[in-house]
Structure formats: C-alpha cells, structure tokens
**Student:** 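Handing you this structure, nothing more for now.
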Amino acid sequence: MLFRSLDNWLPLGRQFAERFTVLAVDQRNHGLSPHSDEFGYDLMAHDLHQFMHDQGLTTAHLLGHSMGGKTAMQFALLYPDQVEKLVVVDMAPRAYPPVHTETLAALQALDLQVHQRREDFDEALATQVPDVELRQFLLKNLRRDTTGAFHWKVNLRAIWDNYRHLNAALTVEGQFTKPVLFLRGGQSDYVQDADVELIRRFFPDAELRTVPEAGHWVHADKPDEFLSSVLEFLTRNTHAGSAPVESP
C-alpha cells in the first residue's frame, strides 16, 4: 500500500494468525524495508520472492491491498507455483491516473528541519491536504532519530521519481490459474465492472466480491466483513467457476 506499512495490518494479522501462520512484509521504500532509487512491480515481486526464499517458504497464500495488490498479482504471474491462493484488495491489473501527485509534492515541500512537533507538520500540510484523517495517516510516516530529528519512513524521492511505474498496468505475460479473490469497496472506484474482462485475461479462476459500505481501505472500513470474506475464501475446498462473478 502506498504510504502505508505493515503496522496497519497488525489487528487483522492477529486474527488471521488464529488460523494461519502470518508474515507481514513492508514493500521497498516503505516501513521497515530498505530504501532504493529503483522502484517498480517487477522489483517488488522479486523482493517478495527473495523474502520467501530467505524464510524457507515454498508456497503461501498471498494477500495485498492497492499497490500491494498489484505486487501480489505480479508475483503470482511470475511465480505461480509459489502461490496457493491470491487475494487482491481493491486493485485491478489496469493503469491508474496519478491521483497522488499533489500529495507527493506537498509532502516533499515540508521542511523537516523547521518544525519541532507533529502538530506543526499537520498545520503546515493542511492547506494542500485539507482532509484531517488523510493528513494524520500521511504523517504516521514521520519518525524521529536518536537525536530527535524528524525523517520520513517512506522514500518520497523514489516514489516521486517512479510514480508513473506504480500507476502502470501489469505487462507480464501469462496467467495465474489458481483461485483468486478480488475484494472491492462498494464506495470505491478502483475496481469497476469494466475491469472484469482484464481480470479474466490474467486470472481465469477469479471471483469478485463487493463490501458495500467500504471505500478503498476495505480492511479498515469494514474489518469484520473483510475478515470473514477472506477466511471463507482461503478455507474453502472448492472454488468458483472460470469467470469472475459478483458474490453476495
């Protein structure tokens, strides 16, 4: 997820851990993972492949939201033998418009050496990002070092320089033919009915479900519905037909 870290998954991760062994991973340039000037879905899929190798994992269920969802799709297409079932949350394999350009510019414009408190950053960002909840979420990426100075957890420069790659459609060839759940928010436009044909092209055994009152952050808006849908899919012995279908 762009601008987010594995910390955002901890509450749901603990619930999934009652049924599964759960490993949460920060993508490069986010959270606890290393920063790099190179940034794109091939690279992030390779990072995940290396992580699984380092952990001694031959296969796993894979779940990703938004940018993480595209990485998960890329990984499944490149390394299909290593994925048992795939869950993609509110993301399609198509290209997206650059909706975060102004937000990225506003974050880069903040002078981290001028402000001493998080409240000061919040006030400085308010003009460009008027949504209070969004500002608070973005400013969670600030951290202090041992001297008390502020730094960004995310690599803003690398995200800015590679933003066009993050918005691009998947270009990898082939299909992932195992079960896939596309879970979208009913109040989000990230996965539209028109995307079903493209989804079918890459993932012929996919099903599409909608959480009616959720936005793009499906797992945060409706965690109970999200959890029950994902658990039902992962623990089901049989799966849907050959085309994505809307399930109640």
Side-chain angles (χ1 to χ4, degrees), residues 1-16 22 24-35 39 44 63-71 89-91 96-163 166-167 183-191 211-227 230:
M1 299 177 293
L2 189 64
F3 302 126
R4 290 210 168 197
S5 70
L6 61 84
D7 290 349
N8 302 113
W9 285 98
L10 290 180
L12 278 167
R14 294 188 184 97
Q15 292 178 278
F16 281 123
V22 176
V25 182
D26 281 324
Q27 298 187 94
R28 63 169 59 196
N29 295 319
H30 287 73
L32 300 174
S33 288
H35 287 189
F39 200 22
M44 290 187 283
L63 183 154
H65 167 254
S66 198
M67 183 180 76
K70 245 183 190 174
T71 299
V89 186
D90 217 50
M91 178 59 66
Y96 284 85
V99 296
H100 298 297
T101 301
E102 293 183 2
T103 299
L104 278 166
L107 292 175
Q108 291 188 96
L110 290 176
D111 189 341
L112 301 190
Q113 297 181 353
V114 169
H115 305 298
Q116 302 300 316
R117 304 176 306 154
R118 290 182 183 273
E119 292 82 358
D120 298 330
F121 287 103
D122 183 74
E123 182 177 348
L125 194 60
T127 302
Q128 290 78 19
V129 184
D131 186 295
V132 176
E133 186 176 354
L134 177 58
R135 288 203 310 275
Q136 291 175 346
F137 153 64
L138 293 169
L139 292 175
K140 287 182 179 179
N141 285 290
L142 282 174
R143 64 175 177 85
R144 290 184 185 269
D145 62 20
T146 55
T147 69
F150 280 105
H151 298 275
W152 289 112
K153 294 179 184 178
V154 292
N155 187 344
L156 289 176
R157 173 52 59 183
I159 295 172
W160 176 265
D161 290 343
N162 296 280
Y163 190 43
L166 301 181
N167 291 318
L183 193 61
R184 66 179 175 179
Q187 298 178 358
S188 169
D189 62 357
Y190 270 72
V191 180
V211 180
E213 297 181 4
H216 182 54
W217 310 102
V218 184
H219 54 293
D221 293 340
K222 293 292 178 179
D224 293 339
E225 291 88 337
F226 176 86
L227 182 69
V230 174

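Since the model is a prediction, treat every value here as computed from it, not as a measurement.
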**Student:** So does Gln15 have more than 12 non-hydrogen atoms from other groups sitting under 6.0 Å from CD?
**Tutor:**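 Result for CD/Gln15: enclosed.
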**Student:** Measuring from atom CH2 of Trp217 to atom OG of Ser188, what distance do you get when rounded to the nearest 0.5 angstrom?
**Tutor:**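 It is 10.0 Å, given to the nearest 0.5 Å.
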**Student:** Identify, with sequence neighbours excluded, every residue that meets salt bridge (charged side-chain N to carboxylate O under 4.0 Å, His left out) alongside Glu123.
**Tutor:**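 With neighbours one apart ignored, the set is empty.
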**Student:** If you take all heavy atoms of Asp90 and Val191, which pair is closest and at what distance?
**Tutor:**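 Heavy atoms of Asp90 and Val191 come nearest at C-CG2, 3.7 Å.
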**Student:** Where is the tightest heavy-atom contact between Leu32 and Asp26, given as atom of each residue plus distance?
**Tutor:**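 Looking at all heavy atoms of both residues, the closest pair is N-OD2, 2.7 Å.
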**Student:** Taking only residues two or more places apart in sequence or in another chain, which ones pass side-chain contact (heavy atoms from CB on, under 4.5 Å) with Ala124?
**Tutor:**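 Here the qualifying residues are Leu110, His115.
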**Student:** Working to the nearest 0.5 Å, report the span between CZ of Phe150 and CG of Asn141.
**Tutor:**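 So the CZ of Phe150 and the CG of Asn141 are separated by 13.0 Å.
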**Student:** About how many Å separate CZ of Arg28 and CG of Asn162, when rounded to the nearest 0.5 Å?
**Tutor:**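 CZ of Arg28 is found 9.5 Å from CG of Asn162.
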**Student:** Can you name the ring pair (Phe, Tyr, Trp, His ring centres under 6.0 Å) partners of Tyr190, sequence neighbours left out?
**Tutor:**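 So Tyr190 forms a ring pair (Phe, Tyr, Trp, His ring centres under 6.0 Å) with Tyr96, His216.
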**Student:** Minimum heavy-atom separation for His30 to Met67, with atom names?
**Tutor:**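 Minimum heavy-atom separation between His30 and Met67: CE1-CE, 3.6 Å.
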**Student:** Could you pull out all residues at least two apart from Ala149 that satisfy side-chain contact (heavy atoms from CB on, under 4.5 Å)?
**Tutor:**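 side-chain contact (heavy atoms from CB on, under 4.5 Å) list for Ala149, sorted by chain: Asp145, Thr147, His151.
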**Student:** Just verifying a value: how many Å separate Leu166 CG and Lys70 NZ, rounded to the nearest 0.5 Å?
**Tutor:**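 Those atoms lie 8.5 Å apart.
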**Student:** Can you list the residues that meet the side-chain hydrogen bond (donor to acceptor under 3.5 Å, both in side chains) rule with Arg117, with sequence neighbours excluded?
**Tutor:**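 Once residues adjacent in sequence are excluded, the partners of Arg117 under the side-chain hydrogen bond (donor to acceptor under 3.5 Å, both in side chains) criterion are Asp120.
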**Student:** Please name the pair of heavy atoms, one in Val99 and one in Tyr163, separated by the smallest distance, quoted to 0.1 Å.
**Tutor:**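 Shortest heavy-atom separation between Val99 and Tyr163 comes out as N-OH, 3.4 Å.
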**Student:** Got a sec, which residues hit side-chain hydrogen bond (donor to acceptor under 3.5 Å, both in side chains) with Asp131, two or more places apart in sequence or on another chain?
**Tutor:**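 Counting only residues at least two positions away or on another chain, Asp131 forms no side-chain hydrogen bond (donor to acceptor under 3.5 Å, both in side chains).
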**Student:** Quick one: list whatever passes side-chain contact (heavy atoms from CB on, under 4.5 Å) with Gln128, sequence neighbours left out.
**Tutor:**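 Result, side-chain contact (heavy atoms from CB on, under 4.5 Å) vs Gln128: Ala106.
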**Student:** Are there more than 12 heavy atoms of other residues, nucleotides or ligands under 6.0 Å from atom CD of Gln113?
**Tutor:**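 No, the 6.0 Å shell around CD holds no more than 12 heavy atoms from other groups.
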**Student:** Anything under 30° is parallel, anything over 60° is perpendicular, the rest tilted; go ahead and classify His219 against Trp9.
**Tutor:**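 Because their plane-to-plane angle is under 30°, the rings of His219 and Trp9 count as parallel.
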**Student:** Taking atom NZ of Lys222 and atom CG of Leu227, what is their separation to the nearest 0.5 Å?
**Tutor:**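 One finds 14.5 Å between NZ of Lys222 and CG of Leu227.
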**Student:** Determine whether Leu142 and Leu112 satisfy the following criterion, side chain to side chain contact (heavy atoms under 4.5 Å, CB included), listing intermediate values before the conclusion.
**Tutor:** CA-CA 9 Å; Leu142 282 174; Leu112 301 190; 3.9 Å; yes
**Student:** Could you pull out all residues at least two apart from Asn155 that satisfy side-chain contact (heavy atoms from CB on, under 4.5 Å)?
**Tutor:**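 So Asn155 forms a side-chain contact (heavy atoms from CB on, under 4.5 Å) with Asn29, His35, Arg157, Ala158.
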**Student:** So, for Thr101 and Pro98, which heavy atoms are closest and what is the spacing to 0.1 Å?
**Tutor:**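 Looks like OG1-O, 3.0 Å.
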**Student:** In terms of heavy-atom contacts, does CD of Gln108 have more than 12 from other residues, nucleotides or ligands at under 6.0 Å?
**Tutor:**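 Counting neighbours around CD of Gln108, more than 12 heavy atoms of other residues, nucleotides or ligands fall under 6.0 Å, so yes.
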**Student:** Listed by chain and number, what are the side-chain hydrogen bond (donor to acceptor under 3.5 Å, both in side chains) partners of Arg135, not counting sequence neighbours?
**Tutor:**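 So Arg135 forms a side-chain hydrogen bond (donor to acceptor under 3.5 Å, both in side chains) with Asp122.
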**Student:** With sequence neighbours excluded, what pairs up with Lys153 under the side-chain hydrogen bond (donor to acceptor under 3.5 Å, both in side chains) test?
**Tutor:**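 side-chain hydrogen bond (donor to acceptor under 3.5 Å, both in side chains) check on Lys153 returns nothing, list empty.
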**Student:** In terms of side-chain heavy atoms, does Ser33 have a donor or acceptor partner in Gln27 at a distance below 3.5 Å?
**Tutor:**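 There is no such pair (donor and acceptor under 3.5 Å, judged by atom type) between the side chains of Ser33 and Gln27.
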